[in-house]
Peer 1: 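Could you have a look at this structure, given as structure tokens, before my questions?
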Amino acid sequence: MSRIEDAMEKLAGDTGVEKPPVKVPGESEKPPKRPAPRSPAKDDVDRHIVAFHQPLSGLTENFKHIRIVIQNMLPEGSNKVVMFTSAHRGEGKTMASLNFAAAVAHDTSRRIIIVDGDMRDPHIHEALGIKAQRGFGDLLTTDAPATSAIVHTPIPGLSAILCGERPERPAELLGTERARQIFADLKRQFDMVIVDTPPVLPVSDTVNMANFADGVIIIVEEAKTSRKKVERAVHLLNNANASVMGFLLNKSQGGGDEYDKSRYSYSRSSA
Ligand SMILES: Nc1ncnc2c1ncn2[C@@H]1O[C@H](COP(=O)(O)OP(=O)(O)OP(=O)(O)O)[C@@H](O)[C@H]1O
Ligand SMILES: [Mg+2]
């Protein structure tokens with residue numbers, strides 16, 4: 001033991017003070033140990049994500065079919081951003097986008113990410129049972145690379161960017177060059193970027209970012225939403241140069257509140 005260490009040992013012994021660590025030159029400092037993050041669990045995933053929980057069910061087949069139709073309609077070439085929206089709140093955007101994402105992720109060779117673009121009422125984190133320190137809101141207000149907010153989900157093959165810190169004026173931020181940059185960045189890294197968004201009529205968030213998507217799908221709760229309201233939503237999106245691909249009719253063939261007995265039907269946009 002060196003004389004200095006020896007002296008420190010004695011000093012610590014004399015005073016009862018905990019001995020300070022002896023720094024050996026050249027030895028790198030180890031970061032303090034943190035508890036390992038809990039890995040996302042299957043049981044934490046919302047049971048309505050049928051394409052994950054019941055891969056052989058009729059509803060999963062329904063989503064796989066819709067996936068093929070939508071993929072065939074997308075323009076050929078590079079990776080794609082697909083946004084899910086609706087005229088009003090509560091028509092089933094979040095569940096449809098997650099089921100669609102899970103159905104696409106079944107094809108494990110593809111890299112799929114879902115982004116929570118609904119900063120008014122974000123639900124993707126809850127539905128997937130995951131947390132993250134950063135999310136889309138943080139990316140929009142900083143220069144952080146998109147990769148810093150990407151997290152794994154319990155659904156194999158599916159990554160996510162959660163909402164994160166909710167910004168004060170999401171509508172303005174979503175129409176900026178920064179938002180365009182984030183989607184372009186994600187498109188370079190993933191085969192498909194699926195975005196859950198707020199409804200079109202109450203707030204302008206979706207209209208502002210819709211132009212960054214290669215295709216926009218409108219969820220329509222058939223029994224509730226009037227044709228006029230859907231047409232108004234399409235009109236606003238078209239005016240924003242968005243590519244409205246079609247409509248996903250939710251709760252159109254019975255099922256009531258039993259999600260796994262629901263059927264979605266897809267119809268192309270004639271606009
Ligand atoms: N086909 C369906 N059958 C039964 N329940 C459904 C169906 N689609 C959605 N739901 C339920 O309706 C509620 C709203 O669905 P969801 O959260 O997906 O809607 P949303 O459009 O994202 O709502 P918001 O506009 O508030 O974000 C949820 O409780 C969901 O489980
Ligand atoms: Mg939602």
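Heads up: numbering here begins at 1 and tracks the sequence.
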Peer 1: Give a yes or no on whether Met192 and Tyr266 share a hydrophobic cluster (residues Ile, Leu, Val, Met, Phe, Trp, Tyr; joining criterion: side-chain heavy atoms under 4.5 Å apart).
Peer 2: yes
Peer 1: When rounded to the nearest 0.5 angstrom, what distance separates CG in Asn72 from CZ in Arg67?
Peer 2: 10.0 Å
Peer 1: Which residue pairs pass the salt bridge (Lys or Arg N to Asp or Glu O under 4.0 Å) test with at least one member in residues 146-168, sequence neighbours excluded?
Peer 2: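 Every pair satisfying salt bridge (Lys or Arg N to Asp or Glu O under 4.0 Å) with a residue in residues 146-168: there are none.
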Peer 1: What pairs with Asp185 under side-chain hydrogen bond (donor to acceptor under 3.5 Å, both in side chains), at least two apart in sequence or on another chain?
Peer 2: Arg188
Peer 1: Under 4.5 Å between any side-chain heavy atoms of Gln71 and Arg110, yes or no?
Peer 2: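 The answer is yes, as the side chains (C-beta and beyond) meet within the 4.5 Å cut-off.
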Peer 1: Can Val203 be reached from Leu237 by stepping across I, L, V, M, F, W or Y side chains whose heavy atoms are under 4.5 Å apart?
Peer 2: no
Peer 1: Taking the side chain as everything from C-beta on, heavy atoms only, tell me whether Ile194 gets closer than 4.5 Å to Val81.
Peer 2: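 Side chain of Ile194 against side chain of Val81, heavy atoms only: no contact under 4.5 Å found.
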Peer 1: Are Ile68 and Phe247 linked, directly or through intermediate hydrophobic residues, by side-chain heavy-atom contacts shorter than 4.5 Å (ILVMFWY only)?
Peer 2: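 No: no chain of side-chain contacts under 4.5 Å links Phe247 to Ile68.
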Peer 1: Do the side chains of Val82 and Ile217 get nearer than 4.5 Å, heavy atoms only?
Peer 2: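 Side-chain contact under 4.5 Å: yes.
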Peer 1: Check whether Asn62 reaches the backbone of Gly58 with its side chain - one donor and one acceptor, N or O, closer than 3.5 Å.
Peer 2: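 Looks like no, no N/O pair under 3.5 Å.
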Peer 1: What residue among Phe52, Phe100, Tyr264 forms ring-ring contact (aromatic ring centres under 6.0 Å, His included) with Phe63?
Peer 2: Tyr264
Peer 1: Dump the intermediate steps for side-chain contact (heavy atoms from CB on, under 4.5 Å) on Lys64 and His106, then the final yes or no.
Peer 2: CA-CA 9 Å; Lys64 284 186 175 178; His106 264 270; 3.9 Å; yes
Peer 1: Step by step, would you call Leu201 with Leu236 a side-chain contact (heavy atoms from CB on, under 4.5 Å)?
Peer 2: CA-CA 8 Å; Leu201 298 185; Leu236 291 173; 3.9 Å; yes
Peer 1: What pairs meet the salt bridge (Lys or Arg N to Asp or Glu O under 4.0 Å) rule with one or both residues in residues 191-209, with sequence neighbours excluded?
Peer 2: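 Matches after skipping sequence neighbours: Arg111-Asp191, Arg120-Asp205.
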Peer 1: Tell me the salt bridge (Lys or Arg N to Asp or Glu O under 4.0 Å) pairs involving residues 84-105, sequence neighbours left out?
Peer 2: Arg89-Asp118
Peer 1: Can you see which heavy atom on Pro199 is nearest to which on Ala87, and at what distance?
Peer 2: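 For Pro199 versus Ala87, the nearest heavy atoms are CB-O, 3.5 Å.
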Peer 1: Quick one: do Met73 and Ile219 end up in the same hydrophobic cluster if we chain Ile, Leu, Val, Met, Phe, Trp and Tyr together by side-chain heavy atoms under 4.5 Å apart?
Peer 2: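 Same cluster: Met73 reaches Ile219 through Ile, Leu, Val, Met, Phe, Trp or Tyr contacts under 4.5 Å.
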Peer 1: Does Asp138 offer a backbone N or O that forms a donor-acceptor pair with the side chain of Thr142 under 3.5 Å?
Peer 2: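 The answer is yes, because a donor-acceptor pair under 3.5 Å joins these two groups.
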Peer 1: Locate the shortest heavy-atom distance separating Met95 from Ala127; write the atom from each residue and the value.
Peer 2: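 Closest pair (atom of Met95, atom of Ala127, distance): CE-CB, 4.1 Å.
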Peer 1: Can a donor-acceptor pair be found, under 3.5 Å and without considering hydrogens, that links the side chain of Asn208 to the backbone of Ala171?
Peer 2: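 Confirmed, Asn208 side chain pairs with Ala171 backbone.
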Peer 1: For Glu76, enumerate each residue passing the salt bridge (Lys or Arg N to Asp or Glu O under 4.0 Å) test, keeping only those at least two apart in sequence or located in another chain.
Peer 2: none
Peer 1: Please answer whether the main-chain N or O of Phe84 pairs with a side-chain N or O of Thr197 as donor and acceptor at a distance below 3.5 Å.
Peer 2: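 Such a contact is found between Thr197 side chain and Phe84 backbone.
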Peer 1: Quick one: salt bridge (Lys or Arg N to Asp or Glu O under 4.0 Å) partners of Lys187, sequence neighbours excluded?
Peer 2: Asp214
Peer 1: So, taking the atom named CG in Asp46 and the one named NE2 in His53, what distance separates them when rounded to the nearest 0.5 Å?
Peer 2: 7.0 Å
Peer 1: Walk me through whether Ile113 and Ile161 qualify under side-chain contact (heavy atoms from CB on, under 4.5 Å).
Peer 2: CA-CA 7 Å; Ile113 189 164; Ile161 292 185; 3.7 Å; yes
Peer 1: Taking side chain as C-beta onward, heavy atoms only, is His125 less than 4.5 Å from Cys163?
Peer 2: no
Peer 1: Could you check if a side-chain atom of Leu139 sits within less than 4.5 angstrom of a side-chain atom of Ser148, using non-hydrogen atoms only?
Peer 2: yes
Peer 1: Is a side-chain donor or acceptor of His88 paired with a backbone partner of Val230 at a separation under 3.5 angstrom?
Peer 2: no
Peer 1: Treating Ser243 as the side-chain partner and Gly215 as the backbone partner, does any N or O pair qualify as donor plus acceptor under 3.5 Å?
Peer 2: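 Side chain of Ser243 to backbone of Gly215, a donor-acceptor pair under 3.5 Å: no, none is there.
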Peer 1: Check for a donor-acceptor pair, side chain of Thr176 on one end and backbone N or O of Leu173 on the other, with a separation under 3.5 Å.
Peer 2: yes
Peer 1: Is a side-chain N or O of Arg178 found less than 3.5 angstrom from the main chain of Leu140, in a donor-acceptor match?
Peer 2: no
Peer 1: Where is the tightest heavy-atom contact between Phe190 and Ser159, given as atom of each residue plus distance?
Peer 2: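 Minimum heavy-atom separation between Phe190 and Ser159: CE2-OG, 3.7 Å.
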Peer 1: Would Val207 and Val200 satisfy side-chain contact (heavy atoms from CB on, under 4.5 Å), going step by step from the backbone distance to the final call?
Peer 2: CA-CA 7 Å; Val207 166; Val200 172; 3.8 Å; yes
Peer 1: Hey, what do you get for OG (Ser86) to CD1 (Ile218), rounding to the nearest 0.5 Å?
Peer 2: 8.5 Å
Peer 1: Under 4.5 Å between any side-chain heavy atoms of Val216 and Thr85, yes or no?
Peer 2: yes
Peer 1: Out of the candidates Thr94, Thr153, Thr60, Ile155, only one should pair with Ile49 under the side-chain contact (heavy atoms from CB on, under 4.5 Å) rule; please name it.
Peer 2: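 So the option named by the test is Ile155.
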Peer 1: Search all heavy atoms of Ala51 against all heavy atoms of Ala102 and return the closest pair with its distance.
Peer 2: CB-CB, 3.7 Å
Peer 1: A side-chain contact here means heavy atoms from C-beta on lying under 4.5 Å apart; do Phe136 and Leu174 qualify?
Peer 2: yes
Peer 1: Could Arg180 and Glu177 be called an ion pair, given the rule that one side-chain N must be under 4.0 Å from one carboxylate O?
Peer 2: yes
Peer 1: Looking at Asn79 and Gln189, would you say the former's side chain and the latter's main chain have a donor-acceptor pair under 3.5 Å?
Peer 2: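 No.
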Peer 1: Once you round to the nearest 0.5 Å, how far does NZ of Lys224 lie from CG of Asn250?
Peer 2: 10.0 Å
Peer 1: Looking at every non-hydrogen atom in both residues, tell me the closest pair between Leu248 and Ala96 and how far apart they are.
Peer 2: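 That would be CD2-CB, 4.2 Å.
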Peer 1: Between OG of Ser204 and CD of Glu172, what distance do you get to the nearest 0.5 Å?
Peer 2: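 Ser204 OG to Glu172 CD: 8.5 Å, rounded to 0.5 Å.
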Peer 1: Any side-chain heavy-atom pair from Lys80 and Val193 closer than 4.5 angstrom?
Peer 2: no
